[in-house]
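These notes are about the structure you will find just below.
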Amino acid sequence: METTVIQTFPYDALSPHTREDHPGGFDQRTGQPIPGFRGEDQLLVYDESYGQKSTGTNYWGVELLVDRDGTILRAAGGDSPIPEGGLVISGNGRWSRPLTEVDPFGVRVTLDREHKEVRLETSPALLRAAAEKAVCRLEKTVRQAEEKLLDIDYTAVQALLGDIREKSAALAGFGDEDVEAPAREVGRLAVRGQLMCLPTLRVEKRAVWYRASETCEKEVEETVRYVKSAGLTAIYLESWYEGFTIWPSAIPGVRMLPGLKGFDVLEAFVRIGHRMGIEIHAWVETFMAGIIPPGKDNTPENVAIYAPLIADHPHWALTSRQGSRASYIPFDRIHMYFMNPMEEEARDLVSRIYQEMVSRYDLDGVNFDYVRFPQPNQPGDGSLDDFGFCDNIVAAYREQYGTDPYEITEQHPQWRQWCHFRAELINTFVYRTADELHTLRPGLSISVAIWANFEEAATVKYQESMDWVTKGYIDEVFTMSYYMDLRPVLEETHETRRRAEDQAFSSTGIAAFMDVPRDLFLDMLLRIRDENTAGAAIFALGSFREKKMEEWLRPGLYREDAAASPDRVPQAVPALLEDMLRRIRTLYVPKAGGTEDNYGAPSIQRLLNQLTDSSFDDAGCARLEEEAQRQEKAAESLPVSLVARQLLSRDWQRIRYLLRVYRNRLAALSRGNRHA
């Protein structure tokens, strides 16, 4: 079979084992092997000669799994299994995007060991075979969807499948020189069919974080319209960041972001967002006061430009053990300035800013970010350079515990105590601010973006987020699970949900800005749903638009507009009940047989008819929860298929979960000003 090479990738090593195999796979400082021997900006190939079942790489790359015939099976994150007789192409850094963009349709992978190249080849025969496989794969997916009673548009999928079958059969009439375009059309339609086989949800958080650059109402309207058309439900709008507001503040010394040219973009987003049915939450950076961008020196002149609050109030700057006022992040090549959370003037200013924002604008919520200390610096000698060594913090700790913090390192018996002391400065600010905002607007959602590696959060960034949750200050937590691999996303989703219990809603933040392969990104969203969380938040809208993610999401996972966000329980519970009835009538009965009565539809309808405003006070929620528990138990013995019983039980479980969290939020709000 004559093939054409369409792409080549030079690789650094094939199944390395030792320094001699691949010197670049070792940390030059420690002499230890890097996970999977894959260094920065490297491309490696692993086959069975590697001697391990998986690559052993970390989460920060993309891997293509290839079978023994050279067919690309899928794209994955780190530590992928090595297919029997096949191989894994693994890259990070500059190689992540090229691997993500590989189109596997009609492609065969070969290795040129002499020139150390991965070759991607195609041919008319490979294209015809790929088209046939795509049809078979979609037929199998549709059958599995029917067996699982997935909520998809079967009429549309079957119509598309019929069209694909015809186009695939017609390939026999094309000569080798003309077959590529029609074959690739089959592949493109089959991908769309696979997306259409992903189930939608009607009650789900579909949020996106966004840094606005609009300078007129027309631009805001276009952005919000795009968000709506993409099936998203909420914009978390960066409103206070790097020492600037995005509205004209009346607070002395507070500057509005110059690039907005005086346009009150926050007001426009709130007004237009609400008109279009999009929630608008103010995303705020709390104590982070400025960033010196890449390529700029950390000079007083640049501090004045990029961190004006620090330039105006030098004594507000948080200081490190070795006297640095900025945290340097090597990966991003930026210097970050934070305000000292023990400095009363700084605390009061941030509090006043948030109160002004909430009092002036009809926001749906406030989303706290950077409620922590900065990342420690990494001096070349390996010494510790953590933050929190301002004179007032050091003096307060020394007075309370009798030990000089400069003497405390990770091996010191007071290390945990010193970490907690710094975290308490953040904790007390969260208590105060959440109470102030809830007092101003009792229905306001207070959410927080958290570091979900809880051990690292407590001992590196001095963030104790679950303290705020369990004490009732926070309505919703968002993990910042920005990985190119499924496992850590699910681990953080699960652990955050477990720790939050029923005290706050939990959602998972995932990264659009990273080179996460499309199918892996969709799998993240699907599996997040399995954890019974509120939903997902995508970081951030700019990357979402650049990658045209609406083309991935609108055909399937976000096919229908969400009727309600889970944390809006008085709207979410009726929407869930209505959706259960819809699926019984249009999906379960036609696909699995029986009558509506067999699926408990009359009981669901009666409960829906009985809902009133009083159903969602504490007593009403308690009664609803008891009824949902009875219905969940009854679903176990309904005279319908096991799959249908499981789906109905899961619906009732979700309703119970939302009601439990909502009752706990009502109780927390009723306690009033707890910090006073």
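What you are looking at is a predicted structure, and each value in this text was computed from that prediction instead of being measured.
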With the side chain counted from C-beta on, respond yes when [X] and [Y] share a heavy-atom pair under 4.5 Å apart, and no when they do not.
{"X": "E464", "Y": "F454", "value": "no"}
{"X": "Q400", "Y": "F421", "value": "yes"}
{"X": "F478", "Y": "W209", "value": "yes"}
{"X": "P376", "Y": "V460", "value": "yes"}
{"X": "L318", "Y": "P341", "value": "yes"}

Greater than 12 external heavy atoms within 6.0 Å of [X]'s [atom1]:
{"X": "W451", "atom1": "CH2", "answer": "no"}
{"X": "F331", "atom1": "CZ", "answer": "no"}
{"X": "R333", "atom1": "CZ", "answer": "no"}
{"X": "E344", "atom1": "CD", "answer": "yes"}
{"X": "Q378", "atom1": "CD", "answer": "no"}

For H313, the ring-ring contact (aromatic ring centres under 6.0 Å, His included) test, sequence neighbours excluded, returns W316
Those residues at least two apart in sequence (or on a different chain) that pass side chain to side chain contact (heavy atoms under 4.5 Å, CB included) with D264 are W247, P248, L266, E267, Y361
Quick one: are the ring centres of [X] and [Y] less than 6.0 Å apart?
{"X": "W418", "Y": "F389", "answer": "yes"}
{"X": "Y482", "Y": "F513", "answer": "yes"}
{"X": "F26", "Y": "F37", "answer": "yes"}

Check the side chains of Y483 and E491 for a donor-acceptor pair under 3.5 angstrom, ignoring hydrogens and angles.
no
Q.
Using side-chain contact (heavy atoms from CB on, under 4.5 Å), reason through R527 and V489 one step at a time and then give a plain yes or no.
A. CA-CA 9 Å; R527 299 291 295 279; V489 172; over 6 Å; no
For [X] against [Y], the heavy-atom pair lying closest together:
{"X": "E424", "Y": "N427", "value": "OE2-ND2, 2.8 Å"}
{"X": "P566", "Y": "F505", "value": "O-CE2, 3.8 Å"}
{"X": "I278", "Y": "D364", "value": "O-OD2, 4.4 Å"}

Residues 304-323 vs salt bridge (Lys or Arg N to Asp or Glu O under 4.0 Å), sequence neighbours excluded, gives R255-D312, R321-D386
Fill in: CA sep, side-chain torsions, deciding dist, call: S445, E476, side-chain hydrogen bond (donor to acceptor under 3.5 Å, both in side chains)
CA-CA 7 Å; S445 171; E476 184 169 7; 4.8 Å; no
- Message: Using the rule given for ring-ring contact (aromatic ring centres under 6.0 Å, His included), can you reason through Y431 versus Y473, listing the C-alpha separation, both sets of side-chain angles and the distance that settles it, and then say yes or no?
- Response: CA-CA 6 Å; Y431 305 159; Y473 292 95; 4.6 Å; yes
Any donor-acceptor pair under 3.5 Å from D297 side chain to T299 backbone: no
Flag, side chain of E242 to backbone of Y306, donor-acceptor distance under 3.5 Å: no
Salt-bridge criterion met for [X] and [Y] (N-O under 4.0 Å):
{"X": "R352", "Y": "E345", "answer": "no"}
{"X": "R97", "Y": "D515", "answer": "yes"}
{"X": "E495", "Y": "R499", "answer": "yes"}
{"X": "D79", "Y": "R487", "answer": "yes"}
{"X": "R432", "Y": "D348", "answer": "yes"}
{"X": "D362", "Y": "R441", "answer": "yes"}

Rounded to the nearest 0.5 angstrom, the CG-CH2 distance for N92 and W60 is 11.0 Å
When rounded to the nearest 0.5 Å, the distance separating CZ of R325 from OG of S320 is 11.0 Å
